[in-house]
Structure formats: C-alpha cells, structure tokens
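Just below is one structure, and these are the notes that go with it.
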Amino acid sequence: MGKSIRNRLMPYTFVLPALLLLFLFSLIPILIALVISFTGLDITGLGNWSTVKFVGMDNFVKLFHDSQFLQSIGNTLYYVVIGVPLVVLLSLTVAILINFGNNKFFSFLRLIFYTPSITNTVAVAVVWTYMYNPNMGLLNNMLGKIGLGPLQWLNDPATAKISLIILAVWKAIGLNMLIFLAALQGIPRSLYEAAELDGANWWEQTRHITLPSLRFSIFFVSVTTLIGWFQFFDEPFVMTKGGPLNSTNSVALFVYQNGFQNSNFGYAAAGSFIMFAAIIVATLIQFKIQKKQQGE
Amino acid sequence: MDTNFRSERKLSKGVVGLILAFWGLMTILPFLWMFLSSFKSNAEISQMTQNFLPQHWTLMNYKNLFVSGNFGVYLKNTLIITLASFVGLLFNAMAGYGFAKFKFKGKAFLFIAVLSTMMIPGQVTMIPVYLILNQLHLTNTLLGIILPGLVGAFAIFLFRQFMSNISDSIIEAARLDGASEWYIFWHIILPISKPVLAVQGILTFIGGWNAFLWPLIIANDQKYYTLSVGLQLLQGQHTTDYGLQMAGSSFMVIPIIIIFLIFQKYILQGFNVQAEK
C-alpha cells in the first residue's frame, strides 16, 4: 500500500521543481499584473500595502491620454510593420542563396550569418552605437569615402528608428535563416528534377515549388518575429533610452521606465496588459490568414 | 545542351557565392571593427579619420576594464549565474521526462499550462516578479536574479519530444531488475538524451552568459551586476571612451563566438530537431 502511494507520487517529483518555478514566475505574475493594473500601486504602496487604492479603469483611461504612451504605440507599430517583412524577406533570401551550394564555403557562410544571433544584445548595441557615431563612427567614415553623408543616425528623430531596425534585422537574420534552411532541405529533390525536365527555370521553380513548400516556416517565422518586435526593448534601452524626442520609445521600454524608473507599478502594469492584448490580437489575425490560405 | 546547362549552373553558383561573400563580410564587419578598435588607444579613436587596423596595438583598454571598470566582479557574478542555470537545465530535463514517460492525474492540463507560459511577454511579468521577489526579500541578491529565468517551457517541450521517442521496453526492463526511478533517470535516460542535452547545454550557457533583463531589474547594487548590465553602465559612464567600450563588448562576445565555433555542429543540428518537432 505504502509503496503504491509512493509510485503514484513519483511522477510529480520529476515535474514539481520546474512547475513550481513556472507557476511562481510566469502564471501567478499574470494574475498579479492584472490585479495591480487596477490599482495606484507605487513606491509607498510597496512599503505599506494598506495605502494601495483600487482605481478601477483609471490607469487605462489615463494611458490613452498619455501622449508618450500613444507615441510609443505608434513607434512599436512602425517597428512591427517595417521590421517583420524585412526579417522574413532577408532571412529567406539568405537561406535560399546558401542552399545553392553545399561545399565548405557555403557552410562557412552559414556560420557567419548565424553569429550575430548568439551574441549579447547589449554588447552589439554598444558596438553599433559606436558605428553610428556621426563623427567617429565607421558608417559615416565609409559613406564619406564614396562621397555620401554624413548621416545623423541615432541623433535625428527621422532616422533613429531606422537605425535601430537595421541593427535588429542584422541580429535576427541568422536564427530565422536556420529555420528556413532546415525546411528547404526537407523539400524532395525529385520535385526540382521533374520541373527541370519540364523546362522550368530557377525563378519558376522557386515560385512554384520552394515558396509553397515553405509556407509553414514562413508563417512560423512571421509569428515569432512579430511577437519579438512587439517586445522590442534592449536596443532602444541601450542605444537611445527612447530618444531623441521619444522617437524610438517602444511600449516595452515605456513599461520599464514607468515601472522601474518612476515606480508607478500600477500604471506600468496596465500598459503591459495593453501590449499583451495587442500581441494576442495580432497573432490571432495571423493564424486566421494562415487558415484561409490553407483553405484555398 | 547538357554542358551548356551545367556551365550556366556553375556561373550562377559563382554569382551567388559572390553576393553571399559580400553580404557575409558586411555581417561580420561590426565584430571586426569592435575587436580591432578594442586595441586602439583613445587618442587614436578620437582622430577624425582612422584606419581599420590599430596603428599602435595596446592592451590598455582590457586592463582598464578590470582596474577601473569592476569587470572582475561582473565576470564572477556572470559565471555563478551561468553555473546555476545548469540546475535549471536539470529541472527542465526532469520535467520533460516526467511529461514524456509517466501517466499521472492532471498531466494534460499541467502540460498545457507549461506551454502557455511561452506566450507571456517578459514585460508583463517583470513588475509582478519584482514584487514577489521583494516580498520574499530576494531583490538585490544573486538568488533573486537566478530564480525567475531558471526553467523554460520551450526547453521542457524539447526534452519531452526527445524523451517520448525513447523505447518503453528499456525502462520496463530496468524496473524489473529493481532499479529505482531516479537510477533509471540518471543512468539510462540522461545518457540516451545526450544530443538534446548538448544543444540545451550550449543554449543554457549562452543564455546565462548573456542574461540582461532580470539582473537589470533585480540587482540595485553594483556588486551583483552581470557583464551585460555592467557593460551598459560602463557605456553610460564613459560615453566617449569607445576603446574601453569595445574592449568590454569583445570580452562578452568573443568567448561566445569561440564556444559557438567549437560546438556549432550540435547547435545547427538543434534547429533541425526543432523544425521537425
């Protein structure tokens, strides 16, 4: 009898440590975030919980009248709309090009393109800040040699967002290229051989065999990239602090600034929920589109 | 006709190779620039036109990282956090095994709960996690930095996928021989799972080494800073000392690139595993 109870509890001892940590640091926090987003919790409330007041929808109403928040939503949408197609298109292009050959040279290039993905975002953001320096940076240096520039890169509200996007795209290509490459290698060779016999050229083969076979990977990469861009944080945090003139501030950075620099925990939690809702809605729309395409 | 087609193929392969070589060079250019600049003196960097290669190689910047930059402390903290994250790896493997090979009440529900945590953005949990750790008096401690990111749903999922494919008869045979469940896990399951352990081990190392968000939020005191938080502080304090900044960046990036080059075979295979589920 005693042994059978022990046997029945045995599975739980394997999953318990991980489950406890996930519940404590992922699931319970969602509930806490929801509750405090309806309160005015700040630094005083942290010391004395009895001072925390329930404020209903006030935080949400205030957020939509906060010009900084509205601007950070606009910026985030800009990042998503420009960044997602760029990442998908460029990583797919690299993958198709690398798939052309299978000698040492091509596998070496695979390593080169993947390297930015594993390196620390803070470190590469520091490096790119230096490259973007209008006077001493490598980029204006190179532009000067061919008679262009100088550009202001991060210092001008008109170009700062693009500068951050260039860095983030550079960093994102490698991982997504690997996902596309794995899918490309799964396409049966015989399909191409048959097409070649029918006289189809490279472009026709790409359009009618390669791209349709990659439909799921393109969907997967689009969804994960979209979620990533909605949470865009490290690059603006290290490189611009959201400036100049709030032009690079993202919703994620807005949440951090309000939560940890101004200690408006309730207000920041409300902002984070709006971001969460936007991610869920955008993901659902993508799933809908994917379903529709499959139905055709 | 056939030879014509072949030479056409060869030509297009050459063109593609050329495009890729140029693009690849652009891709590693920031790393080359970072590494070479880290050996330049500040006087050389401040010049309006500078060469790609340093005129006078110097190790001054690296020395300064440790003398005035506190990088020794950051390195120690980062190594502690990285080591601790391997405990998380073990928890992930255990959970993956539990979900793969046992039947128990609530299993399906719990597994969906685990997967659903993948969808939650860090920015939503960062404030409540800070409040929880504050309540537990773990803010501004290394343990507080380590705990929130210790286990991950995606790793659990990958372990479960791999371990589901291990044959039940091996486990049953060991049970008949009187082996305990933990003995089976340590001496049979883990050795068989070497490929997935290798991938996850490397990713765990990279993740620990690069940890930024939790140390940034949980550590108020410089003595608990990790390399990435320290580097970000260094950039704020020495805004124009690019030589020092590049040395700090190289110090973070080069070890990861070396580890990646050594273990690249496993990492690149890892994505095949993921793509095929």
Side-chain angles (χ1 to χ4, degrees), chain A residues 10-12 14-15 17-19 21-22 24-27 29-30 32-33 36 46 94 97-98 100-101 105 109 111-113 115-116 118-124 126-128 130-131 135-136 138 141 170 178-179 182-183 231 233-234 238 252 255-256 259-260 265 268-269 272-273 275-276 279, chain B residues 13 16-17 19-20 24 27-28 30-31 33-34 45-46 48 91-92 94-95 97-99 102 104 110 113-114 117 120-129 131-132 134 147-148 150-151 153 156 181 206 210 212 217 228 231-232 235 242 245-246 249 252-253 256-257 260 264 268 271-272 275:
Chain A
M10 180 51 85
Y12 295 102
F14 279 102
V15 295
L19 280 183
L21 286 166
L22 278 181
L24 188 58
F25 294 116
S26 281
L27 292 175
I30 286 285
I32 297 178
I36 60 174
L46 211 56
V94 175
L97 291 182
I98 285 188
F100 244 82
F105 174 70
L109 280 167
L111 288 184
I112 297 267
F113 281 104
T115 308
I118 45 156
T119 48
N120 181 287
T121 313
V122 178
V124 296
V126 169
V127 173
W128 279 76
Y130 175 35
M131 295 206 310
N135 304 318
M136 299 181 260
L138 177 67
N141 210 329
W170 168 79
L178 284 188
I179 293 169
Q231 302 176 43
F233 175 81
D234 292 3
V238 177
V255 169
Y256 174 84
F260 293 100
F265 297 113
S272 75
F273 255 92
M275 185 178 95
F276 195 15
I279 292 176
Chain B
K13 208 169 159 182
V16 165
I19 297 172
L20 278 177
T27 301
I28 50 159
F31 293 124
W33 179 247
M34 164 193 83
I45 280 185
S46 318
M48 280 307 276
F91 286 168
N92 288 335
M94 279 161 51
Y97 178 56
F99 282 119
F102 287 102
F104 53 93
L110 288 174
V114 167
T117 62
I120 303 169
Q123 282 79 18
V124 178
T125 52
M126 83 187 165
I127 290 164
V129 165
L131 298 177
I132 291 172
N134 193 46
L147 282 178
L150 201 56
V151 298
I156 295 175
E181 296 296 335
I206 294 176
N210 288 344
F212 178 57
I217 291 168
S228 33
L231 180 62
Q232 188 253 329
Q235 192 206 23
Y242 287 116
Q245 291 180 21
M246 292 310 108
S249 300
M252 287 217 68
V253 166
I256 290 294
I257 292 183
F260 169 61
Q264 39 132 330
L268 298 180
F271 288 95
N272 275 328

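A note on names: the letters A, B, ... follow the listed sequences, proteins ahead of strands, and every chain is numbered from 1. Just so you know, these numbers use all the heavy atoms, side chains as well, and skip hydrogens, waters and symmetry mates.
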Identify which part of B:I206 has an atom lying under 4.5 Å from any heavy atom of chain A, answering side chain, backbone, both or neither. side chain
Test side-chain contact (heavy atoms from CB on, under 4.5 Å) on A:M131 and B:M34 and set out the steps. CA-CA 9 Å; A:M131 295 206 310; B:M34 164 193 83; over 6 Å; no
Residue among B:A153, B:G24, B:P121, B:G98 with most heavy-atom pairs under 4.5 Å to chain A: B:P121
Show the numbers, then the answer: is there a side-chain contact (heavy atoms from CB on, under 4.5 Å) between A:I98 and B:L20? CA-CA 8 Å; A:I98 285 188; B:L20 278 177; 3.8 Å; yes
Can you list the residues that meet the side chain to side chain donor-acceptor pair (under 3.5 Å) rule with B:Y97, with sequence neighbours excluded? none
Sidechain-backbone polar pair: B:N210 side chain, B:S228 backbone, donor-acceptor under 3.5 Å: no
In terms of heavy-atom proximity below 4.5 Å to chain A, should B:Q235 be classed as side chain, backbone, both, or neither? side chain
Name the region of B:L150, side chain, backbone, both or neither, that has any atom closer than 4.5 Å to a heavy atom of chain A. side chain
Just so I understand: if I count every heavy-atom pair under 4.5 Å between each of A:L27, A:I36, A:L97, A:V255 and chain B, which residue has the most? A:L97
A:L22 side chain reached by B:I156 side chain, heavy atoms, under 4.5 Å: yes
Of B:N92, B:I257, B:T125, B:I19, the largest count of non-hydrogen pairs under 4.5 angstrom with chain A goes to B:T125
Output the option from A:Y256, A:Y12, A:Y130, A:F25 having the highest count of non-hydrogen pairs under 4.5 Å with chain B. A:Y130
Which of the residues A:T121, A:V94, A:L19, A:V127 is involved in the greatest number of heavy-atom pairs with chain B at under 4.5 angstrom? A:V127
Closest non-hydrogen contact found for B:V114 with B:T117 is O-OG1, 2.6 Å
When the ring planes of B:F104 and B:F99 are compared, do they come out parallel, tilted or perpendicular, using 30° and 60° as the limits? tilted
Can you measure from CG (B:L231) to CE (B:M252) and round to the nearest 0.5 angstrom? 7.0 Å
At a heavy-atom distance under 4.5 Å, which candidate from A:L24, A:I32, A:I118 has the highest pair count against chain B? A:I118
Side chain, backbone, both or neither: which part of B:I127 has a heavy atom under 4.5 Å from chain A? both
Heavy-atom distances under 4.5 Å only: say whether A:L138 touches chain B with side chain, backbone, both or neither. both
Side chain, backbone, both or neither of B:M126 within contact of chain A (heavy atoms, under 4.5 Å): both
Max heavy-atom pair count under 4.5 Å with chain B, selected residue of A:F276, A:F273, A:F113, A:F265: A:F113
Is there a side-chain contact (heavy atoms from CB on, under 4.5 Å) between A:M136 and A:N141? Walk through the geometry before answering. CA-CA 7 Å; A:M136 299 181 260; A:N141 210 329; over 6 Å; no
So what's closer than 4.5 Å to chain A heavy atoms on B:I256: side chain, backbone, both or neither? both
Fit a plane to each ring of B:F212 and A:F233, take the angle between them on a 0 to 90° scale, and name the class: parallel (under 30°), tilted (30 to 60°) or perpendicular (over 60°). tilted
Among A:V15, A:N120, A:V124, which has the most heavy-atom pairs under 4.5 Å with chain B? A:N120
